[in-house]
Amino acid sequence: MTLDAEPANLRLAAAELHDAGLCVLPVKADGTKAPDVRTWTPYKVNRSTPQEHDQWFGDGRRTGIGIVTGAVSGNIELIEFEGIAVREGVLDEVGELAHNSGLGDLWEAVTTGWADQSPSGGVHYKVVVEGRPAAGNTKLARRLAREDEYTPEERQRLTERPNTKIVRVLIETRGEGGFVVIAPSHGATHPSGKPYLRLAGGPATMAVVTPDDLDALYALCRAHDAMPTEERAKTAPRPKRELPAGYVRPGDDFENKADWSEIIGEEFEPLFTRGRTTYWRRKDKPRGISATTGHAADRDRLYVFSTSTVFDAETPYDKFAAYTLLTQGATTADAFKRAAAELRSKGYGSEPPRQRLSSVPRQAGPFTDGSSALDPGPLPVPDEHEAAGGPDLRIVRNKPALDITNEADAIDGLLDIMASGQLPDLYKRATGPCWVYQDDQGNPLVKQLGTDNLRAYLGDHVTTYQVVRDPFTEGTKEVRELLMPKTCSTILGRRDWPLLPLRGIVTSPVVRPDGTLVKAPGYDRATGLYLHPRTPIRRLAPQVSDESVARAKDIVLGQMLADFPFVADSDRAQYLGALLCPIIRPYSPGPTPLVVITSTSQGSGKTLLKDVFGRLYGLAETPWAENDAELRKAITAKMWDCGDPVIAMDNLPNGHIIKSPILSSLVTNATWSDRLLGSTSSVTMPNDRLWVLTGNNLRTGGDNLRRTLWVRLDPDCPNPDQRDNFTVGDLRAWLADNASTIVAALVTMVRGWLAAGAKTINTRMGDYSPWASVMAGILHYLQVPGWLADRGEASTALDDEAQEWAAFLTDWHHKLGSEPVTTKTLLGLKDTVPQLHNGDLPSGKQLGHWLKARQGRYFEDLKVVMVYDSHLKQNTWRVEQHLAVGATGTEQ
C-alpha cells in the first residue's frame with residue numbers, strides 16, 4: 001500500500017503499522033503532536049489493539065497517527081533531522097560524510113528504508129536496532145539560535161535572563177519511551193495544517209542495523225554539533241594568568257606550534273578535511289569516523305566520538321591536554337605540571353620569574369610588647385609631680401616573612417624569628433609558649449599555647465609562604481600558607497624556646513629585687529614580669545618626700561580603713577601588710593601565710609576588705625571546696641591561667657574550722673605542682689599569689705594555725721550593716737573613684753621605706769620569717785603599730801585544737817603530775833580528754849595515735865613526751881612543762 005497521499009481515513013494506515021509490529025496511537029488535533037489518549041504510559045509496554053484502532057480511527061474523524069518507539073514497536077529508533085538542519089544542508093553534509101567515511105551503503109539503507117517528511121521540512125528515518133535495547137531520546141547536534149530566529153517568547157526570556165542560551169536542535173533521536181507522528185497525519189495535527197509525507201519505504205522495509213552501525217551513524221551526526229561539551233579541568237589546564245612580556249608557557253607554545261598528526265597520529269588517521277574541520281578514524285576501525293579537530297569555532301580542539309580510545313568520548317581536548325593524556329596517562333593538575341616540564345625540556349616556552357607575594361595582610365598599627373594596649377591615665381598622686389617621659393616600649397614595625405616550603409628550614413627560621421624579638425606578646429614559661437590577654441572584665445589571663453593557638457598566632461604575626469610551581473604561568477610563585485599543624489606541634493614539643501620568660505603577671509607597680517620600681521605597663525625584662533594595671537597607673541615624682549608619705553598614710557589609714565572595726569591594732573597592721581604584699585612580692589619572694597578575715601557577725605565589713613584587693617589589684621574568686629580533692633583542683637585551675645595576684649575564697653561556713661593539709665602545703669611552698677584538669681600532664685607553677693579567706697567566727701585546726709595571718713573584725717553592735725556616717729561614705733563608690741590614687745599611695749609608702757634604707761626588723765614566723773621581717777620594717781617605718789603583736793594569744797584563741805589540747809595537758813599535769821601513765825589512765829580525765837567528732841571518747845589505741853602525732857609539740861608551756869615501759873612492753877606518756885630562761889631546771 002502506498003501512503004504518499006492522504007488516505008480517506010487512518011484506519012488502513014493503523015492496520016499496516018500494526019501488522020508491521022508497531023504500537024499505534026492517535027494524535028491530538030491541536031498542534032501539540034501529543035498522543036490523544038488519557039495516558040499513554042501503558043502503551044510504552046503493551047501494543048494497542050485493532051479494537052482500539054477501530055474505536056480511534058473508525059469514524060474517520062481523526063487527522064493524526066503516530067507510533068511509540070522502542071521495544072514495544074520492535075526496538076525502533078528514529079533519527080530526526082529538523083527542518084532547520086535540512087535547509088542549512090546538514091542532512092546533505094552527513095550524507096557526504098557517510099560516503100567519505102565508508103558508511104555510504106549503510107546510509108543508503110537507512111535513508112531508503114522508511115523516511116517521512118514533516119510539514120516543517122524535517123526528515124525522519126526509522127530503523128530497527130538489532131543486538132541491544134533501543135536507547136533513550138538523545139540530542140545529537142545543536143547550535144545557538146541566531147537573533148533573527150528568536151520568537152517573541154524567546155526575546156522575552158532573554159530580557160528577563162540575559163545570559164540564557166537559546167538553542168536550536170539540528171538532529172535528535174527517539175528511542176525507548178519516545179513517540180513520533182508519521183504520515184499520513186494531516187490537518188490540525190501540525191500547527192501549520194500541512195500533511196506529513198512519506199518519502200521512501202515503509203514499516204516493512206525499515207533498515208535493520210547493528211549497534212556499532214548505529215553508533216557510527218550517530219558519530220556522523222555528532223560531528224555537526226556546534227555546542228560540544230565545554231572543557232573541564234580534567235581535559236584542559238586551569239585558566240591562565242598573563243605572563244610578563246616576553247615569556248611564554250610551554251603549553252601555550254606547544255598549542256601554537258604542534259600539529260595534530262604529531263600528537264594523535266599513532267591513534268588516529270585523518271580521513272578528509274571539509275572547511276576547517278578534519279575528520280579522523282581510529283586506526284583499527286574499518287569505516288566511520290572516530291573524532292574531529294578544528295570543528296569548534298573558538299579553539300582547535302579534539303572531539304572524540306568513539307568510546308574505544310584513551311580519550312573520554314564527547315569530551316573536548318586542546319593540543320596540550322591531548323599531549324598530556326597520551327604522555328602522562330592522565331589530565332590531573334600534577335600531570336599537566338609534568339607535561340609542561342617535559343615540553344620545556346624540549347624547548348617549548350620560556351621560564352618566567354618567580355611571582356612574589358603582592359598582597360599580605362597587615363596589622364592595623366605597629367606591634368608592641370603590649371604596653372600600648374593599656375591607657376595609663378596619668379594623674380598625679382596628691383603632693384607629687386608627674387615625671388617626664390613614658391615607658392620604653394619594644395616596637396616591631398614590620399611583620400617578618402618566612403619561607404616554609406621545607407619544614408625543617410621553616411622550624412629553624414621560626415626559632416630565629418623568636419630569638420630576634422620580632423614576635424609581640426609571645427613569651428614562655430616552663431611548659432611552653434604562652435601569651436597574655438584579658439577577659440571581658442579586664443582581668444589578665446595567661447594562655448598556654450596549643451597547636452591551634454600557636455598556628456593562629458603565627459598566622460597573625462608572621463608572613464609565611466611556600467614557593468610552588470604556578471600551574472597558570474608554569475613558573476614559580478610565593479603562596480601564602482599557614483604553618484602545618486605538625487610543624488607547630490614540633491615547635492611546642494621542644495625543651496626550650498628562644499622567647500622572653502614570663503615569670504608572672506602583676507597588676508600594680510612592684511618593687512624589683514634590686515629595690516627599683518616596675519611601673520611601665522607591659523613586659524619587664526629585668527624581672528620577667530608583665531605589668532597589666534588593674535587601675536590606671538599614676539606617674540610618680542622622681543623623689544618621695546615625708547609629706548607624700550604622710551598623705552599616702554592618710555588616704556589609706558585615715559580614709560579607706562578608718563571605719564573598719566578592727567579588734568586590735570594588730571588586725572589593722574596585718575591587713576595593711578597584706579595590702580602591701582602584691583607590691584613587695586618580687587622584692588621579698590617566697591610563700592606568704594593565709595590571710596583570714598573573720599568577724600563576729602554579718603555586715604561587719606570583711607567582704608569589703610576582700611573587695612579592696614579586687615578593686616586595687618584584681619581578685620580571682622573560687623568557692624570553698626567541700627573536700628581536699630576539689631580544693632586542689634580549684635587552686636590549680638586558678639593559678640594556671642589567671643593573672644590576678646590575689647585569690648579569695650569568700651564566705652566560708654559560719655564557725656568553720658580551717659583544717660586542710662592542702663592549704664598548709666599551698667602556703668608553705670614556693671611552687672605548686674599538680675595535674676591539669678582534663679590532661680595527663682603535670683605542671684609546676686610559682687606560688688606567687690596572696691590567698692584570702694573570709695567568714696564569720698572562723699577558726700583553724702592542725703598545722704593551719706601557724707600559717708595564718710588573722711584580720712579580726714568586731715563591730716560590737718546589733719545590726720552592724722545599718723551603721724552610717726563613714727569617713728568616705730559609700731566605700732565601694734569611693735574605691736571606684738579613687739582606686740588609682742590608693743594604689744599610688746600604697747606604692748608611695750613602699751618607696752618611702754626604700755628611700756629610707758629599706759630596713760627590716762627580724763621577725764620569727766617560721767617559713768614566712770623573711771617576708772614578715774620586711775613587712776615589720778615597712779610598718780615600723782610607717783609608724784603603724786601592732787604587726788604580729790598578739791600572735792600567740794590570738795592564735796591560741798582562734799585554734800580549736802590548740803585550745804582543746806592545752807586544756808587537756810593542763811588538767812593532766814594538775815591531776816596526774818609528770819609521771820608516765822598509760823592511755824587507759826588518761827581516759828579517766830573524761831572532762832578534758834579530746835573527743836571524737838561525734839562527741840564520744842576515743843579508744844586507748846586512738847588516743848595513743850593522737851599522742852604520738854603531738855609528742856614534743858608545746859601547747860602553751862606543756863608538751864607530751866613518750867616513755868617506753870620495757871616491763872609492760874607498751875608506750876606510756878608523761879607531760880612536761882617548759883622551763884623559762886633562768887629557772888632552776890626543775891619542773892614547776
Side-chain angles (χ1 to χ4, degrees), residues 369-393 436 438 442-444 502-545 548-549 551-553 555-556 560 576-589 592 612-619 643-646 688-690 735 738-756 758 771 774-775 777-778 781-782:
D369 62 0
S371 306
S372 61
L374 304 171
D375 179 9
L379 297 174
V381 172
D383 300 332
E384 295 201 2
H385 302 286
E386 289 188 326
D392 183 16
L393 305 184
V436 179
Q438 64 182 29
N443 300 312
L502 180 67
R503 297 189 172 93
I505 296 178
V506 291
T507 57
S508 69
V510 295
V511 182
R512 299 186 183 98
D514 63 0
T516 58
L517 202 64
V518 177
K519 55 185 179 180
Y523 184 79
D524 182 63
R525 289 177 179 268
T527 59
L529 298 174
Y530 190 101
L531 176 53
H532 185 290
R534 182 65 182 181
T535 63
I537 295 178
R538 292 175 177 264
R539 296 190 178 184
L540 304 173
Q543 303 296 327
V544 64
S545 64
S548 63
V549 173
R551 175 60 176 155
K553 285 180 59 180
I555 292 172
V556 176
M560 182 177 73
L576 180 58
L579 206 55
L580 293 171
C581 189
I583 298 173
I584 207 70
R585 167 82 77 173
Y587 180 82
S588 179
T592 55
V612 169
F613 287 106
R615 177 60 68 177
L616 303 185
Y617 303 116
L619 178 77
D644 298 305
V646 184
D688 54 1
R689 314 304 173 89
L690 184 69
L735 280 173
N738 296 277
S740 61
T741 301
I742 299 166
V743 172
L746 293 170
V747 172
T748 299
M749 292 179 181
V750 176
R751 290 183 68 211
W753 170 74
L754 290 169
W771 171 81
V774 169
M775 283 301 172
I778 296 174
Y781 164 77
L782 296 173

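The structure displayed is predicted, hence computed values, not measured ones. All residue numbers in this chain count up from 1 along the given sequence.
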The side-chain hydrogen bond (donor to acceptor under 3.5 Å, both in side chains) partners of Asn443 (sequence neighbours excluded) come to Asp439, Arg534
My understanding is that only residues two or more places apart in sequence, or in another chain, count here; which of them pass side-chain hydrogen bond (donor to acceptor under 3.5 Å, both in side chains) with Thr592? Arg585
Shortest non-hydrogen separation from Pro509 to Leu531 and the atoms involved: N-CD1, 4.3 Å
Value rounded to 0.5 Å, distance of CG in Leu746 from CD1 in Ile555: 9.0 Å
Evaluate Val506 against Tyr617 for side chain to side chain contact (heavy atoms under 4.5 Å, CB included), listing each step before the verdict. CA-CA 8 Å; Val506 291; Tyr617 303 116; over 6 Å; no
Taking atom CD1 of Ile742 and atom OG of Ser508, what is their separation to the nearest 0.5 Å? 12.5 Å
Rounded to the nearest 0.5 Å, what separation is found between the OG1 atom of Thr535 and the CD1 atom of Ile537? 7.5 Å
Closest non-hydrogen atom pair between Pro582 and Val646, with its separation: CG-CG2, 4.3 Å
Return the set of residues passing side-chain contact (heavy atoms from CB on, under 4.5 Å) with Pro586 (not counting sequence neighbours), or none when no residue passes. Val510, Leu529
In short, Arg751 meets Gln543 closest at the heavy-atom pair NH2-N, 4.2 Å
Before giving the answer on side chain to side chain contact (heavy atoms under 4.5 Å, CB included), spell out for Arg538 and Thr741 the whole-Å C-alpha distance, their side-chain angles and the decisive distance to 0.1 Å. CA-CA 7 Å; Arg538 292 175 177 264; Thr741 301; 3.3 Å; yes
To the closest 0.5 Å, what do you measure between OG (Ser548) and NZ (Lys553)? 12.0 Å
Could I get the full list of side-chain hydrogen bond (donor to acceptor under 3.5 Å, both in side chains) partners for Arg689, not counting sequence neighbours? none
Between Asp688 and Gly504, what is the shortest heavy-atom contact and its length? OD2-CA, 4.2 Å
Begin from the C-alpha positions of Cys581 and Met775 and carry the test side chain to side chain contact (heavy atoms under 4.5 Å, CB included) through to its verdict. CA-CA 8 Å; Cys581 189; Met775 283 301 172; 4.3 Å; yes
Kindly write out the residues that satisfy side-chain contact (heavy atoms from CB on, under 4.5 Å) with Val511, not counting sequence neighbours, or none if the list is empty. Leu517, Ile583, Ile584, Tyr587, Val750, Leu754
Side-chain contact, heavy-atom cut-off 4.5 Å: Arg525 with Tyr523? yes
Rounded to the nearest 0.5 Å, what separates atom CH2 in Trp753 from atom CD1 in Ile778? 4.5 Å
Identify the two heavy atoms, one from Pro645 and one from Gly618, that lie closest to each other, and give their separation to 0.1 Å. CD-O, 3.8 Å
Run the side-chain hydrogen bond (donor to acceptor under 3.5 Å, both in side chains) test against Thr527 and tell me which residues pass, sequence neighbours left out. Asp524
Please assess Val743 against Thr507 for the test side chain to side chain contact (heavy atoms under 4.5 Å, CB included), listing each intermediate value before the final yes or no. CA-CA 10 Å; Val743 172; Thr507 57; over 6 Å; no
To the closest 0.5 Å, what do you measure between CG (Leu579) and CE (Met749)? 8.5 Å
Looking at every non-hydrogen atom in both residues, tell me the closest pair between Val556 and Ala745 and how far apart they are. CG2-CB, 4.0 Å
